[in-house]
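Structure first, then comments.
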Amino acid sequence: MEELKIIEEKLNNLETVFIQQKTVLNLEEVAAFTGLSKSCIYKKSSTGGIPCYKPTNKQLFFNRNEIEKWL
């Protein structure tokens with residue numbers, strides 16, 4: 001059981017490093033990066049409260065540098 005916790009912790013660390021290296025983030029990655037819930041991010045994106053892009057009118061994308069400045 002302890003081995004699973006160690007593996008989970010290592011995966012979380014890898015995910016954090018991966019997100020920090022990306023320049024374009026999706027909704028899930030922004031939620032993890034900012035600590036905000038997905039619903040909060042959706043609300044802020046619909047009112048212009050967070051910088052985002054919706055090129056296909058379906059999925060939200062975020063520029064990591066803009067999110068860092070916004071924070």
Side-chain angles (χ1 to χ4, degrees):
M1 195 62 136
E2 182 148 335
E3 290 177 8
L4 289 176
K5 289 181 181 181
I6 292 170
I7 292 171
E8 183 179 3
E9 184 179 319
K10 287 182 179 184
L11 284 174
N12 286 336
N13 291 340
L14 285 173
E15 182 180 51
T16 301
V17 169
F18 179 68
I19 289 173
Q20 290 174 349
Q21 292 180 354
K22 289 180 71 177
T23 56
V24 176
L25 306 174
N26 62 27
L27 178 70
E28 290 80 16
E29 293 165 338
V30 169
F33 184 69
T34 62
L36 298 172
S37 68
K38 291 180 190 179
S39 63
C40 179
I41 294 169
Y42 272 125
K43 288 176 187 175
K44 290 185 180 303
S45 69
S46 68
T47 61
I50 188 171
C52 64
Y53 302 90
K54 200 171 181 183
T56 61
N57 287 330
K58 290 188 178 186
Q59 189 174 8
L60 289 170
F61 293 97
F62 305 84
N63 181 304
R64 184 178 54 84
N65 292 331
E66 291 178 355
I67 296 299
E68 287 175 348
K69 288 178 186 174
W70 176 78
L71 287 172

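In this chain, residues are counted from 1 in sequence order. Just so it is clear, the values below take in all heavy atoms, side chains as well, and ignore hydrogens, waters and symmetry mates.
- Note: Ile67 CD1 to Thr23 OG1 = 12.5 Å, rounded to the nearest 0.5 Å.
- Note that the NZ atom of Lys69 and the CG atom of Leu71 stand 12.5 Å from one another [nearest 0.5 Å].
- Contact of the Thr34 side chain with the Ile41 side chain is registered, since non-hydrogen atoms from C-beta on lie closer than 4.5 Å.
- One distance of note links CG of Leu60 with OG of Ser46; it measures 9.5 Å at 0.5 Å rounding.
- Put simply, the side chain of Asn26 does not reach to within 4.5 Å of the side chain of Phe62, judged on heavy atoms.
- Taking OG of Ser45 as the reference point, atom CG of Leu27 lies at 8.0 Å (rounded to 0.5 Å).
- Residues Phe61 and Pro55 share a closest heavy-atom pair of CD1-CD, 3.7 Å.
- By the 4.0 Å N-to-carboxylate-O rule, Glu68 lies close enough to Arg64 to be salt-bridged with it.
- Annotation: side chain to side chain contact (heavy atoms under 4.5 Å, CB included) contacts of Thr56 (sequence neighbours excluded): Lys58.
- For the atom pair Gln59 CD and Tyr53 OH, the distance stands at 15.5 Å (nearest 0.5 Å).
- Hydrophobic clustering of Ile, Leu, Val, Met, Phe, Trp and Tyr side chains at less than 4.5 Å, counting indirect connections, keeps Leu14 apart from Ile7.
- What you find for Leu25 and Val30 is that their closest heavy atoms are CB-CG2, 3.7 Å.
- Among residues two or more places apart in sequence or in another chain, the side chain to side chain donor-acceptor pair (under 3.5 Å) test is passed with Lys22 by Glu29.
- A donor-acceptor distance shorter than 3.5 angstrom exists from the side chain of Trp70 to the backbone of Gly49, with no hydrogens or angles considered.
- Every pair passing salt bridge (charged side-chain N to carboxylate O under 4.0 Å, His left out) that includes a residue from residues 38-49 is listed here, sequence neighbours excluded: Glu28-Lys38.
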